[in-house]
Protein chains: 2
Amino acid sequence: MSKGDNVVVLDFWASPFCGRVKTALEEKGVNYVSNEEDIIGKKSELLLKSNPIHQKVPVFLHNDKPVLESAIIVSYIDEVWPSNPLLPANAYDRAQARFLADFIDKKVFETGRSIWASNGEEREVGTRDFLEVIKHLEEALGEKDYFGGDAFGFVDIIAIPHSAWFLAYEKLGGFKIEDHSPKFSAWIKRSLERESVKKVLPDPEKVYQFVLHFRKMLELE
Amino acid sequence: MSKGDNVVVLDFWASPFCGRVKTALEEKGVNYVSNEEDIIGKKSELLLKSNPIHQKVPVFLHNDKPVLESAIIVSYIDEVWPSNPLLPANAYDRAQARFLADFIDKKVFETGRSIWASNGEEREVGTRDFLEVIKHLEEALGEKDYFGGDAFGFVDIIAIPHSAWFLAYEKLGGFKIEDHSPKFSAWIKRSLERESVKKVLPDPEKVYQFVLHFRKMLELE
């Protein structure tokens, strides 16, 4: 792809799904413009036109053509800017990475939500479910530095932006991830040292305040 | 891959997700063994060992190594047996195909279930939601013969096995898909003429009887 590529992310600062796209772009050294969306208020015409079915961020606009769904966008970025590959070279390893990404997609944000968007018993169940999901991820990580082995790659990019929300889950759920899954916790710290991640991820304290604000809107506080 | 490959599908005859894997294998001319699972009764040790997280079919065993999640399995099959490619060659078209496959994954079976696993008003809502999903698919199809253009490919393989359940949805929901989405309906007929699909898909009447049996188990009849 030429340097003249026009790359725009329809973005929301706290979204872990947007965080994936921006981390992938940073890893690839691709310049991009972030267009912040008012996802709680009025969504932009460009967002509604680009993603008429789901009307969600992130939307990735590559020379004005939309690509949707964060894990698909990260795959697309990896295919279009092939240097510093994110997905493994081997078909079997690639399928394993996609499986783990799909598991993270289906479970991490959803079980996290059942902690912060609830109270009482529902929150206890949410906490148990979330810690179970993290336990599975800790097992998948095993003794490796990153999910794919020695190098930060596809699954790490899918997973790490969620960590900006973990302080909120921990404070509201009354637990510490490192007490339950120390290797996963060490993986978070290791990943947060990368420039691509540091540059993109929001401050967990700011996310926590946002979550508290949202809880008030939902009349949970 | 050599002819000596050992290819096994942990299977369930009525599952549209298993249907995808078998249709892809038929399209590629790969010999395989189907191991029928008792998904309502006792799941096999091999299933529980191969898919400990979700404990679901299909499991694709390639020389005893498991690959999970039907859309990921179809991608894997396409990569390992590259002749007669299923996914488009171009990265942008590939991202569009993956988006549509993801939409089908999230919406078709779920909205279908809200027709057959309910009664009364809930079923009416389910019927409206299902027809809305099919309308989106009809729009994505447009004037093309198949979702990817002239050739039967990835999205068609993801979508067509669901059609074996459509008779049940139509009978229980009191509608005909062809009255709402004639182009999508013509695409079903066109796809059902392919040998790979004919060989794999169950008789819709048999699926309907299975659904009625299931409804009795759920005390909905």
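Letters A, B, ... are given to chains in the order of the sequence lines, protein chains preceding strands, and every chain is numbered from 1.
B:Arg94 is listed as a side-chain neighbour of A:Glu79, based on a closest heavy-atom distance under 4.5 Å. Within the 4.5 Å cutoff, no side-chain heavy atoms of B:Lys106 are placed close to those of A:Lys106.
When all heavy atoms of A:Ala95 and B:Ile72 are compared, the pair lying nearest together is O-CG2, 3.7 Å.
Atom CD1 of residue A:Ile53 and atom CG of residue B:Leu100 lie 7.0 Å apart, to the nearest 0.5 angstrom. Atom CG of residue B:Asp102 and atom NE2 of residue A:His54 lie 6.0 Å apart, to the nearest 0.5 angstrom.
Open room surrounds NZ on B:Lys135; 12 or fewer heavy atoms of other groups in view lie less than 6.0 Å from it. Within 6.0 Å of atom CG in B:Asp179, more than 12 heavy atoms from other residues, nucleotides or ligands are found, so the atom counts as buried in its surroundings. The neighbour count for B:Arg194 CZ, taken as heavy atoms of other residues, nucleotides or ligands under 6.0 Å away, is above 12. Atom NZ of B:Lys176 sits in a sparse spot, with 12 or fewer heavy atoms from other residues, nucleotides or ligands closer than 6.0 Å. Counting heavy atoms of neighbouring residues, nucleotides and ligands inside a 6.0 Å radius, atom CZ of B:Arg113 does not exceed 12 of them. Sparse packing is recorded around CG of A:Asn31, with 12 or fewer heavy atoms of other residues, nucleotides or ligands lying under 6.0 Å away.
Proximity to chain B (any heavy atom under 4.5 Å) is shown, for A:Pro66, by both the backbone and the side chain. Both the backbone and the side chain of A:Phe99 come within contact range of chain B, with heavy atoms under 4.5 Å apart.
Per-residue heavy-atom pair counts under 4.5 Å with chain B were compared for A:Glu132, A:His136, A:Gln96, and the maximum is reached by A:His136.
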Under the criterion side-chain contact (heavy atoms from CB on, under 4.5 Å), I'd like the reasoning laid out for B:Lys65 against A:Tyr92: C-alpha separation, chi angles, the key distance, then a yes or no. CA-CA 9 Å; B:Lys65 287 164 75 181; A:Tyr92 187 78; 3.6 Å; yes
